[in-house]
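This report concerns only the one structure given below.
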There are 2 protein chains.
Amino acid sequence: MSNHEWHAMNTSKIVRQRGRPPAFDHDEALNKAMHVFWSHGYEGSSMAALTAAMGINKPSLYGAFGGKEELFRKVVQKYLAGPVAYIGEALSEPTAYRVVEKLLTMSAEFLTHDQNPRGCMVIQGALTCGEGAELIQQELRARRSAYEDGLQQRFERARAEDDLPADESPAELAKYVATIHQGMSVQATSGASKGELLEVVGRVLKHWPVVERGGAGASQPQVLESSA
Amino acid sequence: MSNHEWHAMNTSKIVRQRGRPPAFDHDEALNKAMHVFWSHGYEGSSMAALTAAMGINKPSLYGAFGGKEELFRKVVQKYLAGPVAYIGEALSEPTAYRVVEKLLTMSAEFLTHDQNPRGCMVIQGALTCGEGAELIQQELRARRSAYEDGLQQRFERARAEDDLPADESPAELAKYVATIHQGMSVQATSGASKGELLEVVGRVLKHWPVVERGGAGASQPQVLESSA
DNA sequence: ATATTAATTTACCAATCGGTACATATAAAC
DNA sequence: GTTTATATGTACCGATTGGTAAATTAATAT
């Protein structure tokens, strides 16, 4: 069993090992690597840039993470479980409207947050690439597809709960929301502000399909008003 | 005056030159280069891949186009004047609704056309990059900004012509349409079909703001129905 | 024919790419 | 202490990166 595999199956478990202990914090180094990949994409991040940011040298990186490609996959896992965990939270909102409202509003915040590199790593990490990165490109595409599937399933549930009109297609709504989300990522990378993204979100929410309930229109959602 | 500069100012002008004539077609080679850059992005396209596709060797490429970066800039110009010239045509449609309808409908076709690499080169050519490509990244960002400005100006004209409600912001609408467009590009690269993109476009058009004209609602635009 | 001009081919450049061999350093186990 | 196991630093690997020097080839001008 190689060293980085041992690390993978023993995250944060304190086991007395013999041999020289690592001189760096595994999780912290992974965060530094995430920042580099997030900023420059997979191919745009050189081993030199990664090791410099992580504060370790190449043999240590190989021992602990197994090379550039495996490091990137571990970074993606951490990214999904950390910075974009809000997506899973949004999906558990009680209504489809609230799901989209929370998802896109938090995305507008997330994509333009000062501490974060602009844009989403899963969307932009390897949209285009050379001949050596097709597997990474494929991996990220699969992640985006899984995200869209999650949205679709949530909207199917919403329709079953009479929370979406019966003539609305969950798959089509999911692709619509994913398209908006991905466009917002490109916009953030291009310099769009949080306020500008929130205006886009507001327009999406203003026309979000809701079922007409009898009587007063009290269930009509509030229109999100944002500061430009 | 270097050779590639001579080429730049003498496009398609037949002048008897002395010296050995080029063995390749300038414009055709540029098209081949466009296809490579379009498929793999700026950094993902190596000189080896470019020269192989163009059917020339490196010194010829340097002589005719001035290096990788200048070649890419020339490719972008050709891309704007050729494959995506439909954008300019869309802007001259008579109403804002028709502008967006034509722009996004043709984009759905364009982004998924069998003969084209998936996605838009200006959007995805250098969204993320390493340390040597920031200038190209900046150039493409400026192109996207110019595109959005064009949309905004068109919507300003539309509002002046009472073709958009007075309380709609042209800048906000432009960013909204650009966000949709850029999201569609990511979707196309991820494998979305023309029909799926047209469904997204249909949803955008269904809620496009139009001025309420007196009397019957005859001026209400037809909803675009697409085949999935 | 000869000179001139320019595009071709071949071979090469230094720098960087991701990845490793190897010796050394540092811990626990005995 | 000695042994064993792991991490570190240095120095290196072949391959590829974008870019050229120099010789050759092919055209026109005289």
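Throughout, a chain's letter reflects where its sequence line sits, starting with A, and its residues are numbered from 1. When reading the values below, keep in mind they use all heavy atoms of this one structure, side chains included, and skip hydrogens, waters and symmetry mates.
- Comparing A/A23 and B/S45, the nucleotide of DNA chain D nearest to each residue sits closer to the 5' end for A/A23.
- The nearest whole Å value for the distance from the CD atom in A/E43 to the P atom in D/dT17 is 10 Å.
- A donor-acceptor contact under 3.5 angstrom links the side chains of A/Y86 and A/S107, judged on distance only.
- Here B/S46 reaches the OP1 or OP2 of D/dT17: one of its side-chain N or O atoms lies under 4.0 Å away.
- Residue pairs meeting the ring-ring contact (aromatic ring centres under 6.0 Å, His included) criterion with at least one member in residues 133-158 of chain A, sequence neighbours excluded: A/Y147-A/H181, A/F155-A/W208.
- In this structure, CE of A/M47 is placed 11 Å from C1' of C/dT20, rounded to the nearest angstrom.
- Taking atom OH of residue B/Y62 and atom P of nucleotide D/dT17, one finds them 12 Å apart after rounding to whole Å.
- The distance between atom CZ of A/F24 and atom C1' of D/dA7, rounded to the nearest whole Å, is 9 Å.
- In terms of the side chain to side chain donor-acceptor pair (under 3.5 Å) criterion, A/K68 has no residue partners (sequence neighbours excluded).
- Here A/S190 pairs with B/R144 under the side chain to side chain donor-acceptor pair (under 3.5 Å) rule; sequence neighbours left out.
- Comparing A/P59 and A/A48 against DNA chain C, the residue whose closest nucleotide sits nearer the 5' end is A/A48.
- For the pair A/I56 CD1 and C/dG18 C1', the interatomic distance rounds to 15 Å; values are reported in whole Å.
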Short N/O separations, protein against nucleotides 24-26 of chain D, under 3.5 angstrom:
unit_1	atom_1	unit_2	atom_2	d
D/dT25	O2	B/R20	NH1	3.1

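- For DNA chain C, no neighbouring residue in residues 125-133 of chain A is found when judged by any heavy atom under 4.0 Å.
- Among residue pairs with one or both ends in residues 78-93 of chain B, those qualifying as salt bridge (charged side-chain N to carboxylate O under 4.0 Å, His left out) are B/D27-B/K78, B/E93-B/R98, B/E93-B/K102; sequence neighbours excluded.
- Atom C1' of nucleotide D/dA7 and atom CG of A/D25 are separated by 15 Å, given to the nearest angstrom.
- Nearer the 5' end of DNA chain D, as judged by each residue's closest nucleotide, is the contact made by A/N57, out of A/N57 and B/E69.
- As rounded to whole Å, 11 Å separates atom P of D/dA7 from atom NE2 of A/H26.
- With sequence neighbours excluded, no residue forms a side chain to side chain donor-acceptor pair (under 3.5 Å) with A/D149.
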Side-chain donor-acceptor contacts of residues 115-123 of chain A below 3.5 Å, not counting sequence neighbours, with atom names and distances?
unit_1	atom_1	unit_2	atom_2	d
A/N116	ND2	A/F110	O	3.3
A/R118	NH1	A/A188	O	3.2
A/R118	NH1	A/A192	O	3.2

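- Contacts of B/T51 with the nucleic acid, taken as non-hydrogen atoms under 4.0 Å apart, are absent.
- Atom P of nucleotide C/dT20 and atom CD of A/E70 are separated by 11 Å, given to the nearest angstrom.
- B/E139 meets the side chain to side chain donor-acceptor pair (under 3.5 Å) test with B/R73, B/R143; sequence neighbours excluded.
- Residue A/S60 places at least one side-chain N or O closer than 4.0 Å to OP1 or OP2 of D/dT8.
- No side-chain donor from either of A/Q152 and A/E148 sits under 3.5 Å from a side-chain acceptor of the other.
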